[in-house]
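In what follows, a single structure is set out as structure tokens and then discussed.
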Amino acid sequence: MGRHRRLSTLGSSRRVEGPPPGILHPMNATPETPVDPLGRIEAAAAAAVDAVGGEHAAGVDAGLKPGAKPEFGDFQLNAAMPLGKKSGRKPRELAEELAAALASPEGGVADLIEKPEIAGPGFINLTLRPEALATALEAMDDEALGVAVDTRPHGVTIDVCGVNVAKQMHVGHLRSTVIGDTVARLFERTGRDVHRQNHLGDWGLPIAMTLHSLISRDVDLAALELDTLNVAYRDAQLEAKGDPRGLAAVETNHCGPHRRFELEAQQESASEAQAAAREALVRLQSGDPEMVTAWKRLIEVTMDEVYKATSLLNTRINAESERGESSFRDELAEVVDAFVREGLAVEDDGALVVRFPDRERPMLIRKRDGGFLYATTDLAALRYRVQDLDSDEVVYVVDARQRDHFRDVFDACRMIGWATLPDGVNASLKHLGFGTVLGADKKPLKTRSGANFKLMDLLQAAIDRGRTAVRARSEDPNAPTHAMSAEELDAIGRAVGIAAIKYADLSTDTGRDYVFDLDRMVTFEGDTGPYLQYAHARLNSMIEKAGDDFHADAALLVREPEERRLTLLLLRYADAVRDACDSLEPARLCRYLHSLATEFNTFYSACPVLKAEDAAVRSSRLRLASIVRRVLADGLDCLGIEAPRRM
RNA sequence: GCCCCGGUAGCUCAGUUGGAUAGAGCAGCGGACUUCUAAUCCGCAGGUCAAAGGUUCGAAUCCUUUCCGGGGUGCCA
């Protein structure tokens, strides 16, 4: 079956290696035209570290970081301390030399920065000249907003969604769907070719049992709905399960004959159900037309509802992403043979296992009865993803509790060579494990009766809250939404509610469990999706109002502290996207967007834009605002969150 | 038993190869609206970074030990 079984766990962490998080990238700079001031300063800093440090400069980070506080300047260079440690010289002296090198005419950046300040044990604080800030902002104000295109020739595969046929989606699927789609968008934003793969649980004994149960009861498949299908699935499971542990307890606890009889009867009917299910599976596997038709209908009924949810969630997960376990069923025997042939799989107690050099626990790939396992299917799927889909990166967005499982699968895949592409590139295989969604009681989120919440019910609740809030606001005659139709308001309300849910899921460390508190999410204040949407809507209406006063190429004047801070933050957008993508942590982009929205709101209350007296200031601020708007919209799009024009 | 993950403000969480006085949001208190959209902004208060020891110019971050919590662990997925 699919990737989700039961809930309840604590999280993880999956820091993924990537390039060092240099804060500044040479954005539009080319060797011939080093126009971008930040690129020039970074290069100058690296040169200064080399010159001052000499042989000790190797391995020392010459990267600039944003100033820890506004009074520490725009950027800081911390290289003097590690350099001091390596060379045995005093960090402050080295800092003096580095600062002098940067400020000298030979440093080449004296026109861009104020005199460097040295503080503490050897921090070098740099402050940009206003014109340099304006030029830097100018340089990123293009279509790509400074985000460089990744030119690697291979694609990326993201394992997302992971639903089970015949079962309702629940909050676990929400996380895989939302996080997975966002990771996919981040890769797409950096220019990669992305395959979303939905590894449906659409094969195996449980499905056969459900089919058997439906057919034997003559259920009208044409009229089948997911709710009744889900009940049939559960009943079939229960029927086949019996209670062997109960029977064992009777033995040890010496229960009375009545109880014993009951359990034995249950056991017997369970074995009968299991036998019937096995027979059904054989019929399905051998292509029995009645079974196959029913099976296809089961998938259809399930996926109709899944795509309602993925579409409501504004994700790009659709029928094209569909590649269930069943599509690998004919490769499993061959996968096992390959491992045996390579000497990587050995028989043990009748089963076939793959052993690893660095751990005790082996991975089973074939059961004693000849059946295949979850791991076998995953190996086949992974080979397909790397080799057939041509991916140099495969990311599994799956429950954190399956960490050990994926470690095994990945290692086995590397051992047999399937993770290596024909051109010799080794694909990186990553498990982005997410934590469990908890209720207010800190236990896995369940209804009072102990069942999982239906995902659709949760989404609907959030949408209702969004619509209520949007309607209430539109009552105000001064609200920009006042004259809008009920349909338009509903669409905005839906976007707001979904944004609240998605942002709550994306903005926290994915590996950790998180408490699903609808009330907190739909407060729409503070660090929420709607807060970002609101900032965007305000920007949008301001620029609309400006009309002909807005010029996309207006001269930029960066003077006020709020203008400076906003500009500095805008300049970091490309890095925020790159960093979120490399680390597989959408939360980093969320953090960036939230600080950008906050910084804009601060700017907005401190600096008049439309009301600015001076026409040059007005048009400069309008252009600044329009860049903020585009960055917010672009960032929200990476998160798969809609940015309404009004709200 | 073995393996993995976590413990930071009342609550939910950040904290980027070790950097300056550990930061946000919520809740609390005090301010700012005949709004360039107050779903906003400004300020105040709030901490033994689970505990102890170690490494060094510098530790929430790295090492060791301990405590607490969660998860995984051969024929389910």
Side-chain angles (χ1 to χ4, degrees), chain A residues 1-6 8-15 17 20-21 23 59 61 63 65 68-69 72 76 78 81-82 84-85 90-91 119-123 125 164 201 204-206 325 348-353 359-369 371 373-375 377-378 400-405 407 433 435-436 442 469-470 473 476 478-481 496 504 507-509 511-515 517 520 523-528 530-531 533-535 537-542 545-546 579 583 585 587-588 591 594-595 598 601-602 604-606 608-612 625 646-647:
Chain A
M1 294 302 291
R3 304 215 175 276
H4 297 275
R5 12 174 212 181
R6 54 202 119 84
S8 100
T9 226
L10 231 254
S12 70
S13 91
R14 79 274 60 110
R15 306 276 172 223
E17 292 184 19
I23 291 310
D61 180 11
K65 297 185 170 195
K69 309 216 167 185
F72 297 155
Q76 54 178 288
N78 297 348
M81 276 87 75
K85 187 172 270 186
K90 287 184 182 163
F123 298 103
N125 296 333
N164 290 312
L205 204 55
E325 295 176 327
D348 191 62
D349 198 17
L352 273 174
V353 302
R359 69 197 89 137
E360 286 294 308
R361 171 177 43 84
M363 176 176 69
L364 255 79
I365 59 172
R366 196 178 69 196
K367 297 193 281 185
R368 197 179 338 185
D369 68 4
L373 296 108
Y374 189 43
T377 311
D378 265 326
R401 285 170 299 183
Q402 298 194 41
R403 190 178 296 114
D404 287 350
H405 165 71
R407 188 171 171 221
T436 302
K442 296 286 185 74
V470 168
R473 192 176 176 83
D476 181 347
N478 293 322
T481 49
V496 168
S507 61
T508 191
D509 183 343
R512 296 171 59 138
D513 292 358
Y514 85 108
V515 175
D517 182 346
R520 188 162 50 84
T523 299
F524 304 157
E525 279 161 15
D527 189 8
T528 63
Y531 175 87
Q533 292 176 313
Y534 180 65
R538 290 174 101 186
L539 279 157
N540 196 71
S541 87
M542 179 210 297
K545 266 189 191 169
D579 185 33
S583 63
E585 291 188 63
R588 296 192 186 192
R591 217 172 301 143
H594 177 250
S595 53
T598 302
N601 281 326
T602 301
Y604 192 54
S605 61
V609 180
L610 298 178
K611 288 179 178 171
R646 294 179 196 175
M647 61 186 281

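Chain identifiers are assigned alphabetically (A, B, ...) following the order of the sequence lines, protein sequences preceding nucleic acid strands; residue numbering begins at 1 within each chain.
Here Ser605(A) does not reach the OP1 or OP2 of A32(B): none of its side-chain N or O atoms lies under 4.0 Å away. Within the structure, every side-chain polar atom (N or O) of Arg591(A) is placed at least 4.0 Å from both OP1 and OP2 of U16(B). Put simply, Lys69(A) has a side-chain N or O that comes within less than 4.0 Å of OP1 or OP2 on G23(B). Thr508(A) has a side-chain polar atom (N or O) that falls below the 4.0 Å cut-off from OP1 or OP2 of A14(B).
The nearest whole Å value for the distance from the CG atom in Asn478(A) to the P atom in A39(B) is 12 Å. Counting to the nearest Å, the C1' atom of A27(B) and the CD atom of Glu525(A) are 12 Å from each other. Protein atom CZ of Arg401(A) is 10 Å distant from nucleotide atom C1' of G72(B), rounded to whole Å.
Taking only distance into account, the side chain of Asp527(A) never meets the base of A14(B) through a donor-acceptor pair shorter than 3.5 Å. With hydrogens and angles ignored, a donor-acceptor pair under 3.5 angstrom links the side chain of Arg473(A) to the base of A39(B). Judged by distance alone with a 3.5 Å cut-off, no donor-acceptor contact links the side chain of Asp509(A) to the base of C13(B).
Taking the P atom of each, U40(B) and A22(B) are spaced 28 Å apart, rounded to whole Å.
Arg591(A) CZ to Glu585(A) CD: the interatomic distance, rounded to the nearest 0.5 Å, is 7.5 Å. Remark: Tyr534(A) OH to Asn540(A) CG distance equals 13.0 Å, nearest 0.5 Å.
In RNA chain B, stems built from 3 or more consecutive Watson-Crick or G-U wobble pairs, each with both distances under 3.5 Å, span B:1-7 with B:67-73, B:10-13 with B:23-26, B:28-32 with B:40-44, B:50-54 with B:62-66.
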